[in-house]
Undergrad: 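Below is one structure. I have some questions about it.
Please read all numbers here as calculations on a predicted model, not as lab measurements. Lettering of chains follows the sequences in order, A, B, ..., and the numbering in each one begins at 1.
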Amino acid sequence: MRKVLEVILLLLLLVFTHAKGTRYSPPGKPALTRCRSPEKETFTCWWEPGSDGGLPTTYALYYRKESSDTVNECPDYRTAGENSCFFNKNDTSIWVNYNITVVATNALGRTFSDPVDIDVVYIVKPNPPEQVAVTVMEDKGWPFIRVSWEPPHKADTRSGWITLMYEIRVKLEEENDWETHLAGQQKMFNIFSLRSGGTYLVQVRCKPDHGFWSEWSSSSYVKVPDYFHREKSVWILITVFCAFIFLIVTWLLHMNSRSLKHFILPPVPGPKIKGFDKQLLKNGKSEEVFSALVVSDFPPKSSNYEDLLVEYLEVYIPEEQELMLEKSMDLDVSCLKSEGSTSDSDSGRGSCDSHTLLMHKCDGVKEGRERQAEEARRHQKDWKEEASTYSNVDSSPDMSSGRVKTWPSVFSPLPRYSSNQQGSLETAKQHYLSDSLFRPSSTSSCHTQPGHGATEALGPSYWECGLSNKQPHLLHPQGQAQRQLQAHSDDNISSIGRKPTPAGLPSPALRSTEYVEVQRVNEEDMVLLQPVSGRCGDVEGYPQVPHGEDYSKVKGVDGDNMLLLQREVREETGNCDTPSTVATTQKPTTCIHSAMPVQGEAVLGVNGYVDTATVFTLPTY
Amino acid sequence: MRAIKQGQWAVLLWPYLLITSIPLDCRDEQGGLSRCPSISQEKLLDRVIQHAELIYRVSEESCSLFEEMFIPFPLQLQRNQAGYPCITKALPIPSSKSEIQQISDKWLLHSVLMLVQSWIEPLVYLQTTMNRYDGVPDMLLNKTKWVSEKLMSLEQGVVVLIKKMLDEGMMTTTYNEQGLFQDDGQPEMLEYVMRDYTLLSCFKKDAHKMEILLKLLKCRQNDIHSCA
């Protein structure tokens with residue numbers, strides 16, 4: 001009966017076993033995961049169990065030291081926890097290789113793990129540092145954090161058994177990035193550059209000189225107090241300053257907005273026709289527009305149309321001079337265009353007649369005084385040359401037509417040089433004697449005249465310069481005039497003499513020619529010339545830039561074939577109306593002064609201009 | 001990665017060459033002018049310790065390099081398998097902390113000196129055998145050479161230290177009669193490799209021993225700079 005029962009039980013067991021399948025098996029292979037020593041005096045090994053095969057499995061750790069052959073079992077399975085083996089100080093030898101194996105045993109068998117060789121010295125992983133203290137300290141107003149700690153109490157650094165190196169990491173509470181600092185073997189560390197009012201987390205860890213890093217210590221919190229932002233205040237000051245400057249600049253721009261606009265975007269000049277009314281154009285009535293254009297006072301209704309005509313004094317030029325003239329004309333043709341100032345109020349003057357053609361070199365006016373000096377010298381020469389050949393006023397053929405041409409031949413830039421200035425002065429003197437003008441106006445102007453007339457205008461400038469405060473009314477007092485002229489001519493000559501050396505003399509822009517305006521031709525075939533001067537009343541030493549040439553207006557021609565020239569002053573200050581007479585023949589002329597401005601006078605129906613230079617050529621012997 | 005690490009160590013090492021250029025042994029007794037400046041005991045000890053630290057680092061690197069290149073993976077975990085014991089096995093250095101700390105200063109220094117002296121010749125030998133391998137990196141050869149040179153200067157330093165600390169005269173480099181490897185016929189390549197690998201490992205361990213012993217010695221001194 002009993003046997004039957006046993007058999008049945010066995011069968012049941014077997015069936016039971018088979019029913020559940022092959023679940024029971026020898027244990028799986030365990031594996032040693034790691035062994036660590038915290039202080040190089042003890043160590044612990046952990047393993048990972050394999051499958052237990054469904055049966056209760058026991059694990060055992062066996063080790064063998066390097067030098068001996070005996071296999072020992074783990075002395076302590078509990079201290080270090082589950083699946084671990086703890087070797088205490090007595091069982092730990094350093095510099096000795098341990099061969100460790102774990103064995104798993106269950107009812108069906110046992111399984112050995114792979115052996116592992118370890119040396120305690122190489123598996124040191126200390127505990128985290130202890131007593132981490134974080135304090136906020138101050139350094140000249142700037143706070144910093146001082147972190148201090150102690151090594152883990154188990155590690156024996158005092159005797160030198162273990163040498164530890166530390167590392168710190170810091171971060172702000174709300175951020176994710178840590179800032180790590182290596183602290184070496186010291187136990188204290190300072191952290192600078194903190195954010196005011198922030199909360200920081202600090203952690204420390206350590207490592208032996210050969211070994212593994214410990215875990216991070218627990219976080220220590222520290223709050224940095226708010227400190228005065230000296231940096232910020234500086235920035236505030238800078239911002240305020242910049243804003244202030246910005247305001248000023250804006251205001252300046254606003255004030256000068258118009259001129260700036262003109263500077264950046266200059267206005268495009270539009271056509272400005274006098275009398276042209278845009279509104280009329282918009283209205284669409286063309287007749288009105290065009291009628292508005294018509295200037296009422298044009299053409300001038302003056303019956304004395306002679307006033308409008310420009311009269312010229314024709315001067316006879318010998319052949320040589322003509323050649324020279326042509327040459328000079330060629331030279332100066334190009335100059336004409338550049339000479340805007342050559343335009344004068346006279347209309348109808350042909351290019352050939354323009355004195356500027358002949359008198360101005362291309363760069364004559366704009367050049368320095370050397371030029372003037374040269375020209376002055378040349379002119380002096382010319383006069384000397386012209387002593388014999390001077391231009392005559394050819395009154396017969398053209399006088400009737402009222403046109404007189406003047407050829408400023410004297411001032412043609414002949415390339416003849418006279419080294420003897422004195423000789424030219426002598427001749428000039430003669431000329432001046434007859435051709436001098438009286439100038440009742442200020443002396444100052446007169447004195448400056450020679451300065452600016454350094455070129456051909458020796459004569460006319462002499463005229464201008466005249467004799468200050470001398471008797472203005474000398475109509476035909478030739479003798480007296482001559483005397484006076486003589487007296488003054490000396491001055492003038494000397495001043496003329498100075499002219500060729502224009503050092504220090506200003507006004508390079510002076511015209512080299514001066515014109516004598518022909519006022520009219522009287523019945524005796526005399527051309528009344530009127531010197532036009534724009535220079536009277538100039539500031540001493542700095543004569544004005546003449547708009548045009550200096551003209552001598554001809555007042556009349558007297559019976560001796562002398563041109564009465566009248567100088568006219570257009571400025572307020574100067575009142576140098578000094579009429580002069582120019583002899584139509586070879587006779588010297590005298591200065592005639594009339595106090596009346598010729599402009600208002602329509603004595604001669606002709607406003608003729610005579611190049612005063614030619615005047616001086618007239619009185620040749 | 002390994003190469004970078006080695007590079008880092010190499011960069012660290014070279015400044016230390018300057019340290020060793022100054023001779024540690026100044027012959028003061030032989031009269032006359034001593035050309036080299038004498039060094040204080042603390043500084044000398046510090047320098048000796050620095051030497052030992054460096055030697056250990058370099059030997060560790062060499063060992064890992066060698067292991068990487070020549071030792072097949074399965075054998076890496078099993079050290080001292082081939083049955084080549086460390087040559088310095090015979091040296092009576094205790095292996096537990098308590099025992100070691102009981103060693104006197106004198107004995108510490110002597111132990112260190114013994115260790116150093118016993119490794120000078122094998123390292124020279126190692127240099128020659130290294131060249132036998134194919135594809136030996138220059139870095140490994142350089143390291144080995146460097147270590148052997150530094151070891152000799154370390155020996156000098158320890159001798160001077162002994163003289164200073166213990167007031168003993170000492171003869172340098174008494175070669176150990178034992179421990180010389182001999183070529184047994186024509187062993188296989190693997191034998192060579194394993195033998196050299198064992199040699200390197202043993203040296204690495206002994207370098208660590210030197211370092212620890214010297215540090216223990218240092219921390220025993222009663223001065224401000226001793227270990228905390």
Undergrad: Could you report the tightest heavy-atom contact between A:E73 and A:Y62, atom names first, then the distance?
TA: CG-CE2, 3.6 Å
Undergrad: By a 4.5 Å heavy-atom criterion (distance strictly below it), what part of B:E99 contacts chain A: side chain, backbone, both, or neither?
TA: neither
Undergrad: How about residues 83-95 of chain A versus chain B: which residues have heavy atoms under 4.5 Å apart?
TA: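 Near chain B, by residue number: A:T92, A:S93, A:I94, A:W95.
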Undergrad: Can you pull out the residues in residues 34-41 of chain A with any heavy atom less than 4.5 Å from chain B?
TA: A:K40, A:E41
Undergrad: Check each atom of B:L214 against the heavy atoms of chain A and say whether the ones under 4.5 Å are side chain, backbone, both or neither.
TA: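 For B:L214, no heavy atom lies under 4.5 Å from chain A.
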Undergrad: A:Y122 ring centre to B:K204 NZ or CZ under 6.0 Å, with the angle to the axis within 45°?
TA: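 Because its charged atom sits under 6.0 Å from the ring centre and within 45° of the axis, B:K204 does stack over A:Y122.
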Undergrad: Taking the six-membered ring for Trp, are A:Y166 and A:F189 ring centroids under 6.0 Å apart?
TA: no
Undergrad: Tell me whether A:T111 contacts the main-chain N or O of A:P27 through its side chain, where contact means a donor paired with an acceptor under 3.5 Å.
TA: yes
Undergrad: Between A:T163, A:V96, A:V120, which has the largest tally of heavy atom pairs under 4.5 Å with chain B?
TA: A:T163
Undergrad: Ignoring hydrogens, what is the shortest heavy-atom contact between A:V136 and A:P143? Give both atom names and the distance.
TA: CG1-CB, 4.2 Å
Undergrad: According to the salt bridge (Lys or Arg N to Asp or Glu O under 4.0 Å) rule, which pairs have a member within residues 93-108 of chain A, sequence neighbours left out?
TA: none
Undergrad: Report the residues that fulfil salt bridge (charged side-chain N to carboxylate O under 4.0 Å, His left out) with A:K29, sequence neighbours left out, ordered by chain and then residue number.
TA: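 Residues passing salt bridge (charged side-chain N to carboxylate O under 4.0 Å, His left out) with A:K29: A:D114.
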Undergrad: Any side-chain donor paired with an acceptor under 3.5 Å for B:Q221 and B:E42?
TA: no
Undergrad: What's the spacing between B:I55 CD1 and B:K150 NZ if we round to 0.5 Å?
TA: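 B:I55 CD1 to B:K150 NZ: 8.5 Å, rounded to 0.5 Å.
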Undergrad: What verdict does the side chain to side chain donor-acceptor pair (under 3.5 Å) test give for A:H181 and A:E167, after you've listed the backbone C-alpha separation in whole Å, the side-chain angles of each residue and the deciding distance to 0.1 Å?
TA: CA-CA 6 Å; A:H181 304 274; A:E167 193 178 59; over 6 Å; no
Undergrad: Measuring only between side-chain heavy atoms, which start at C-beta, is B:S148 closer than 4.5 Å to B:I120?
TA: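 The answer is no; the side chains never approach within 4.5 Å.
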Undergrad: Please state whether the side chain, the backbone, both or neither of B:I100 comes within less than 4.5 Å of a heavy atom of chain A.
TA: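 For B:I100, side-chain heavy atoms alone lie under 4.5 Å from chain A.
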